[in-house]
Q: 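This is the structure I have questions about; it appears just below.
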Amino acid sequence: MDFLQSLMYTAIGLVVGGVATFIWTKRKFEKELKENPPINEKMIRAMFLQMGRKPSEAQIRQIMKSVNQNR
């Protein structure tokens, strides 16, 4: 009886710990993405310039809109 009770508490602790860790990690990841977006207008301009092209504002806005829709 003592062994089963101990096993049950261990299982409950693992489940609660797993859920808490998942929620904490998800919030941390979302915060990092908000503070450091994966791509911004400056990066798009740099990519165009590396390809030897001068991007228009319309092209930059279109690419940013596409990136934001895919998130």
Q: Shared ILVMFWY cluster between Tyr9 and Val16, side chains joined below 4.5 angstrom?
A: yes
Q: Indicate if Ile60 and Ile39 have the same hydrophobic cluster label, given that clusters are the connected sets of ILVMFWY residues with side-chain heavy-atom separations under 4.5 angstrom.
A: yes
Q: Assigning hydrophobic clusters by single linkage (Ile, Leu, Val, Met, Phe, Trp, Tyr; side-chain heavy-atom cutoff under 4.5 Å), is Ile63 placed with Met51?
A: yes
Q: Go through the structure and list residues passing side-chain hydrogen bond (donor to acceptor under 3.5 Å, both in side chains) with Glu57, not counting sequence neighbours.
A: Arg45
Q: Just to verify, what does Ala58 make a side chain to side chain contact (heavy atoms under 4.5 Å, CB included) with, not counting sequence neighbours?
A: Ser56, Arg61
Q: Can Ile23 be reached from Ile12 by stepping across I, L, V, M, F, W or Y side chains whose heavy atoms are under 4.5 Å apart?
A: no
Q: Can you get from Leu49 to Met43 by hopping between Ile, Leu, Val, Met, Phe, Trp and Tyr side chains that sit under 4.5 Å apart?
A: no
Q: Rounded to the nearest 0.5 Å, how far apart are NZ of Lys65 and CG of Asn70?
A: 12.0 Å
Q: Would you say CD of Gln62 has more than 12 non-hydrogen atoms from neighbouring residues, nucleotides or ligands within 6.0 angstrom?
A: no
Q: Measure across Met64 and Ile44 and return the closest heavy-atom pair with its distance rounded to 0.1 Å.
A: SD-CD1, 3.4 Å
Q: Can you tell if the side chain of Thr25 reaches within under 4.5 Å of the side chain of Lys28, non-hydrogen atoms only?
A: no
Q: Check side-chain hydrogen bond (donor to acceptor under 3.5 Å, both in side chains) between Gln50 and all other residues, then give those that pass, not counting sequence neighbours.
A: none
Q: How many angstroms lie between atom NZ of Lys26 and atom CD of Glu30, to the nearest 0.5 angstrom?
A: 5.0 Å
